[in-house]
There are 2 protein chains.
Amino acid sequence: MARAQLDSLDYKILHTLSSNGRKPYLEIARECGVSGAAIHQRIQKLTAMGVLKGSECLIDAASVGYDTCAYIGFFLKDPSKFDEVVERLREIPEVVEVHFTTGQYDMFIKLYARNNDHLLHLIHEELQALGLARTESLISFKEVFKRQLPIHQRNKD
Amino acid sequence: MARAQLDSLDYKILHTLSSNGRKPYLEIARECGVSGAAIHQRIQKLTAMGVLKGSECLIDAASVGYDTCAYIGFFLKDPSKFDEVVERLREIPEVVEVHFTTGQYDMFIKLYARNNDHLLHLIHEELQALGLARTESLISFKEVFKRQLPIHQRNKD
DNA sequence: TTTGAAACCATGAATAG
DNA sequence: CTATTCATGGTTTCAAA
């Protein structure tokens, strides 16, 4: 997706919703000095353009039983199987991000596991079966912070 | 945060909101066969417990001018300055995640940049000034997918 | 957990700038 | 093409039980 042509009201809406996905449109409208219907129409436009891709709640991982977060980089034994590997990664619910990267690895993923045993299980039973070579894991023992992209009123070109 | 004691209604609520942060409470209530007030009270409880930590909208990074996503691992020259470094990373808006990790690095961060030049600027001007040794960058040229933690009705112990 | 009531909000149509 | 007003029905929220 290319850079979208957005004005300052669009940015204000995105900035607002990025920190509170449930903020009422009317409240945003009051903060921006426009009508509620205007916000509603902008949000429909941003969604249709693919700039806004839904909303989700933030859940504390440890509270729901995921104590381990890890990043794993790897090369594939058979690089022609990229797409197939992606599809199989999609079926492993613990895998929450998949990137194609430059340099050090072919692919780089983020996953959550219940504990270290579960992580080992995921790596040995689920991931190795996909045909990986040279796997490297990086275990996060503390996520110090996590936040959204910076959305400015006016982004410079 | 330790594992919370949650029942299946709590999990159903989290699962529902994790894919649609704006779903009306009454609609969730109908799907779960309880009153709207019950959902409202559960969400207040989950929020007070720290299980639910707000909600945010999903924004397409490229549409708002961020074409480059990178992960950077590094060691600190002076490991006693962890906390100070975290505070300074917090002031760099492009840095969206900070982890303390085992093994390969002291710290591991995720950031977004407008383009490769901007990434280079961030690394050389902003990050190096924090006192880093042995930095390694990993540039994602495609985020194949990104999704939420798996939330099941019933998580096994 | 439920009900019920008041306040509030989302949504779309029609209209005006 | 985008914003506004307005009407309708749905939603949030709180107190009381």
**Complete:** Side-chain contact check for A:Ala38: nearest option of D:dT11, D:dA3, D:dC14 is D:dA3
**Complete:** A:Arg42 has its side chain closest, among C:dT11, C:dT1, D:dT2, to D:dT2
**Prompt:** Counting only side-chain N and O atoms of A:Gln44, is one of them less than 4.0 Å from OP1 or OP2 of C:dA10?
**Reply:** no
**Message:** Can you tell me if B:Arg22 touches the phosphate of D:dT11, counting only side-chain N or O atoms and a distance under 4.0 Å to OP1 or OP2?
**Reply:** no
**Request:** Using whole Å, report how far NZ of A:Lys45 lies from P of D:dT2.
**Result:** 6 Å
**Request:** Whole angstrom is fine here: how far is it from CD1 in A:Ile28 over to P in D:dA3?
**Result:** 14 Å
**Request:** Look at all strands and tell whether B:Leu9 reaches a base, only sugar-phosphate, or nothing, counting heavy atoms closer than 4.0 Å.
**Result:** sugar-phosphate
**Item:** Length of the CD1-P vector between B:Ile39 and D:dT12, whole Å
**Value:** 11 Å
**Separation of atom CG in B:Asn20 from atom P in D:dT11, rounded to whole Å** = 13 Å
**Rounded distance in Å - OH (B:Tyr25) to P (C:dC8)** = 17 Å
**Prompt:** Taking atom P of D:dC1 as reference, at what distance in whole Å does atom CD of A:Gln5 sit?
**Reply:** 15 Å
**Prompt:** Below 4.0 angstrom from OP1 or OP2 of D:dT13, is there any side-chain N or O of B:Gln41?
**Reply:** no
**Prompt:** D:dT11 phosphate, OP1 or OP2: any side-chain N/O from B:Arg30 under 4.0 angstrom?
**Reply:** yes
**Fill in**
Closest to the side chain of A:Pro24, out of D:dT4, D:dC14, C:dA10, is C:dA10
**Prompt:** In whole angstrom, what separates A:Ile43's CD1 from C:dG12's P?
**Reply:** 13 Å
**Prompt:** Do A:Asp10 and A:Lys45 sit within salt-bridge range, that is, some charged N less than 4.0 Å from a carboxylate O?
**Reply:** yes
**Asked** Do B:Tyr112 and B:Val144 belong to the same hydrophobic cluster, where Ile, Leu, Val, Met, Phe, Trp and Tyr are linked whenever their side-chain heavy atoms lie under 4.5 Å apart, directly or via other members?
**Response** no
**Message:** Would you say the ring centers of B:His99 and A:Phe141 fall short of 6.0 Å from each other?
**Reply:** no
**Item:** Side chains of B:Ile43 and B:Gln41 in contact at under 4.5 Å (non-hydrogen atoms)
**Value:** no
**Interatomic distance, A:Leu26 CG vs C:dT11 P [rounded to whole Å]** = 11 Å
**Message:** Using salt bridge (Lys or Arg N to Asp or Glu O under 4.0 Å), reason through B:Arg90 and B:Glu87 one step at a time and then give a plain yes or no.
**Reply:** CA-CA 5 Å; B:Arg90 222 184 270 280; B:Glu87 285 320 303; 3.6 Å; yes
**Presence of A:His40 side-chain N/O under 4.0 Å of C:dA10 phosphate oxygens OP1/OP2** = no
